[in-house]
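All ligand and atom numbering here is 1-based and tracks the order in the structure. Start at 1 with the first residue, then count along the sequence.
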Amino acid sequence: MIQKYTLHMHTVGFDGQDTVQTMVNRARELGFDTVGISNHFIVNPVVKQAKMYFYAKIGGYSNIYSASFDEVLSRFVPHYEDLSRAQEQNPDIKILRGMEVDFFNNPKWRDGFEKAIKILKPDYIIGSAHFVEYDGKLLNMHDLKNSDAKTQDILLSGYWENVKNAAHSGMFTWMAHLDLPKKVGLGRAEQWADFESRAVEAAAKSKTAIEINTSFYKPDCYEPYPSNRILKMVAKNNVTVLISDDAHVAKNIGRHFDEAAQLIKDLNLKTFTR
Ligand SMILES: [Zn+2]
Ligand SMILES: [Zn+2]
């Protein structure tokens, strides 16, 4: 196996479906020696007014959205205690404390985030952008999909601006699923290549890695996040990569790792070392 660790995983209590122990058991079965649990860390004062919050409530995963840092801490403090207990009970496998953080580019968010990190002391931090702030509201990828073409372009440039700023901040160990809008079929046109390249250059400058996220592979579009177009920019800029499964359920751990490893070889990508 090219990579004996898997660090992007979600568990019960957030939006994952399996417990930490179930995830650890499956990872061990597959031969991983290190796992990391990286539940969503999403703090925004207007998050509960967003359309997606309504759907998250119906779906039973609204716990991933916090309106304040106190609220997110009230979830992460006991969660990290669970991870420490899991480590005691599974001494044969290293269990790391991660988080998948949504970046919001304002001083108040940064200040709250830095204070929370001092309390939680995560082993690593994944940077991400699942939303676009627009017109005082938070929109997700599905809202993007449902907008008219002109608004879509505005939202997509907002998305890439946010990703670039997150990559530039140097706050993150690596960036998640860089071209997430392709989840809803957006952002594939050539016009977005410049935006992608600025985000990759920002990651290069701040020495932030980029993940190859294997959750996207579909029969009609057999590739991970990010696309080959972006991975070539990653290679050119000497940005390091690691493979993530983004598993929300134990059976998805390690999915398509072989294909991702082949991509690393074919494109001569530099691998991330912990
Ligand atoms: Zn994500
Ligand atoms: Zn994730």
Side-chain angles (χ1 to χ4, degrees), residues 3 5-20 22-23 26-27 32 35-44 47 50 52-53 55-56 59 61-66 72 75-76 79 83 96-104 113 122-133 138-145 159-160 162-163 166-167 171-184 186-187 199 203 208-218 223-227 230 241-257 260 272:
Q3 187 181 293
Y5 58 85
T6 179
L7 302 180
H8 186 156
M9 301 202 287
H10 300 271
T11 56
V12 150
F14 294 85
D15 67 343
Q17 293 170 36
D18 284 314
T19 62
V20 172
T22 304
M23 299 301 265
R26 179 65 184 142
F32 289 105
V35 302
I37 307 293
S38 60
N39 280 304
H40 289 287
F41 184 110
I42 303 169
V43 183
N44 190 291
V47 75
M52 77 233 168
Y53 185 74
Y55 290 108
Y61 59 90
S62 57
N63 259 356
I64 64 171
Y65 299 118
S66 297
V72 80
R75 298 194 173 111
F76 265 84
H79 171 53
L83 294 183
L96 298 177
R97 303 158 160 219
M99 51 172 66
E100 180 177 4
V101 175
D102 269 89
F103 177 78
F104 295 105
F113 179 67
D123 293 310
Y124 60 92
I125 307 171
I126 309 175
S128 67
H130 296 89
F131 315 108
V132 181
E133 291 176 292
L138 266 195
L139 305 181
N140 74 358
M141 293 304 139
H142 297 284
D143 299 319
L144 247 77
K145 165 112 187 131
Y159 169 83
W160 280 109
N162 200 24
V163 169
M171 297 161 87
F172 305 112
T173 322
W174 74 86
M175 292 299 298
H177 42 62
L178 219 63
D179 52 353
L180 187 65
K182 82 178 172 196
K183 181 180 182 175
V184 294
L186 297 175
T208 304
I210 288 177
E211 72 177 12
I212 298 181
N213 183 313
T214 58
S215 73
F216 187 73
Y217 281 98
K218 304 247 156 65
E223 65 172 30
Y225 299 109
S227 65
I230 297 177
V241 297
L242 73 163
I243 310 171
S244 293
D245 46 48
D246 206 349
H248 287 65
V249 53
K251 72 169 167 49
N252 285 341
I253 297 175
R255 60 182 153 174
H256 301 293
F257 269 35
F272 166 86

Check your understanding: Are side-chain heavy atoms of Trp174 and Ile210 found at a separation under 4.5 Å?
Key -> no
Review point. Is His10 close enough that one of its N/O/S atoms sits under 2.8 Å from the Zn ion (ligand 2)?
Key: yes
Exercise for review: Tell me which N, O or S atom of Glu100 sits nearest to the Zn ion (ligand 1).
Suggested key: OE2
Practice item. Please calculate the OD1(Asp246)-the Zn ion (ligand 2)-NE2(His8) angle and round it to 10 degrees. Key: 80°
**Study point:** Intermediate values then yes/no, side chain to side chain contact (heavy atoms under 4.5 Å, CB included), Asp246 and Tyr225
**Key:** CA-CA 11 Å; Asp246 206 349; Tyr225 299 109; over 6 Å; no
**Study point:** Angle, NE2 of His130 through the Zn ion (ligand 1) to NE2 of His177 - 10° precision
**Key:** 90°
Check your understanding: Would you say the side chains of Asn39 and Thr11 form a donor-acceptor pair under 3.5 Å?
Key -> yes
Point to revise | His79 side chain near Ile37 side chain, heavy-atom distance below 4.5 Å | key: yes
